Each structure stands twice: as C-alpha cells, then as structure tokens.
Amino acid sequence: MSITGMLAAAAVVGIVGIFVGLFLGVAGIWFKVKVDEKEEAVLAALPGNNCGGCGFAGCSGLAAAIAKGEAAVNACPVGGAAVGEKIAAIMGVEAGTSAHMVAFVACQGDCGKVTQDYEYSGAKDCRVMSFVPGGGPKACSSGCLGYGTCAAVCPFDAIHVVNGVAVVDKEACKACGKCVEACPKHLISLIPYGAKYVVACSSTDKGPVTMKACRTGCIGCGICAKNCPAQAVSVSDFHAKIDQEKCVGCGVCAEKCPKKSIKGGEGV
C-alpha cells in the first residue's frame, strides 16, 4: 500500500473516531438520567441495611419514596428517630414522632413447660413443620417450634432460641419485621418498646386442651380482664389480649393470671 493510501486510511479512522466520540457525548447528554439531589441525600442518610422493614425494596426504594413525598421521613425502623431527624432536615419538614417498636415472641412453651408428642429428627426449619404430623413435635399447635427460622433471617442477630423458644433481644432489635414474616406460626409481632405487660401465649384452644399441652398457656379464663382497672385486657377465642394504649402498667393482670401467661417488667 502506498503512503498516500495509508494516510487516507488513517484519516478515515480518525474521522470515524471523532464522529463516534461526538455522537456518544451528545447521546450521554441527551439520555442522561436526572438525579434527584434530595433522593441521593436521603439515601446517604439511611443506614444501608436494605432490610425491607420500611415496606420498600431496600434503602434506595425508601429514599425514592421519601423524596417523592410518598413515605414518611421517619419510616426507617433501623435508623429510628436520629435518622428520621436527619432526613427531615434534608426534606425541610418536621420529623414528627414515631413509636419505638420491637419484635415479641408470644410463647413461653420451652422444653420444661410444653408436652412433646414425639421425637422429631428431620430438617431443623420451622417452615417445613406444616408437612409433619401435628405441625411439629410439641403438643401445642400454636407454640414456638424452636428451630430458629426467625433467628436465621434476622440481620441484626437480635433473636435466639433459648431452651426451645425464640427470644428477642430488645436492645438489638430494629423492628425490621423479617422474623414476623418468617414465623410460620405467626407468633411474632411488633410491640412498643415500652410495653409494660404482654400476653406471652398465642394459643386459641379451649382451656383443657391448652392445659394438657402447656403449663403456662393462656386458658382464656378471663380473670385478667375482670380485674384490670383500666379495661385494657379482653378475651376472645380463649385468648387474652392487652391493649397497649390503655394499659397503665399496674400489673394486676399478671398477678391474677393463674397460668402466668402474662409477662411484665424485664420479661417483656
């Protein structure tokens, strides 16, 4: 190839390169995705756990919703009030107040209190219990199975199985709700951190059935409700419930409960 041909080829390549570069530059500007600065700032303020406890698909989903005004600035259960205040400052609004919630396992049926129907040696996962006889080896069909499925999904190491029953560490719990979702028995719920008294049982069986299965199960006798001065306790489906907004923390319900199904103080 002659020198002239080589120079011509080099010129063509150079021109094409310049054209492609200009095209990409213009395309980048034309198709550039606009970034919401507030959304980016909110995302940076969030803890980044991506636990989904806020109801959105991770921290980025929550940040987008807050920036659009579709979620409260204090919607992150992990960050709590401190993060809520930071995000409120970014959004130029008041943070408001949010209740400090924690997970609670409504069961006390540990190995020393609940009757075992048989020995189980299969997969140690609570979710497979729906496929075994009686829904698990424990006589109480509503009780904690104790295989730690809830503990396995907790991203904060806030729940552990102690003597056959899942127990929540209130100080470590961030109320993300993953354990609530994972429990196949629906024993776990989110309650106020400052709850004074709670019913630590989920059984809705009749009294004689519950007493046969567990020494500390609620039998729905109604003594707690009859003696509550604040009318915060009610009984339905052979099961007592405490209205935390009405509860004054007097402890009469726990004192009168014949089965000690109601826990208070440090036991909550």
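All values derive from a computational prediction rather than experimental measurement. Numbering of residues begins at 1 and proceeds along the displayed sequence.
Residues satisfying the side chain to side chain contact (heavy atoms under 4.5 Å, CB included) criterion with Cys54, sequence neighbours excluded, are Phe56, Leu62, Pro77. Residues meeting the side chain to side chain donor-acceptor pair (under 3.5 Å) test with Gln231, sequence neighbours left out: none. By the side chain to side chain donor-acceptor pair (under 3.5 Å) test, Ser236 is found to be paired with Lys241, residues two or more places apart in sequence or in another chain being considered. Under the side chain to side chain donor-acceptor pair (under 3.5 Å) criterion, Lys226 pairs with no residue, sequence neighbours left out. In this structure, Ser261 has no side chain to side chain donor-acceptor pair (under 3.5 Å) partners at least two apart in sequence or on a different chain.
Across Ile159 and Cys150, no two heavy atoms sit closer than the pair CD1-SG, 3.5 Å. The nearest pair of heavy atoms linking Phe104 to Val199 is CE2-O, 3.8 Å.
Cys250 is listed as a side-chain neighbour of Pro229, based on a closest heavy-atom distance under 4.5 Å. Looking only at side-chain heavy atoms (C-beta outward), Val248 and Tyr197 stay at 4.5 Å or farther from each other. Annotation: side chain of Val252 is not in contact with side chain of Cys228 (no heavy-atom distance under 4.5 Å). Using a 4.5 Å heavy-atom cutoff, the side chains of Phe238 and Val209 are not in contact. Residues Lys174 and Cys51 form no side-chain contact, since every pair of their non-hydrogen atoms from C-beta on lies 4.5 Å or further apart. Side-chain atoms of Cys201 and Thr216, non-hydrogen and from C-beta on, never get closer than 4.5 Å to each other.
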*Would Met211 and Lys259 count as a side-chain contact (heavy atoms from CB on, under 4.5 Å) if you check the C-alpha gap in whole Å, the side-chain angles of each, and the deciding distance to 0.1 Å?*
CA-CA 9 Å; Met211 286 192 290; Lys259 304 302 292 183; 4.0 Å; yes

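Counting only residues at least two apart or in different chains, side chain to side chain donor-acceptor pair (under 3.5 Å) contacts with residues 147-160 comprise Asp125-Thr149, Asp157-His160.
More than 12 heavy atoms of other residues, nucleotides or ligands shown are found within 6.0 angstrom of CD on Glu70.
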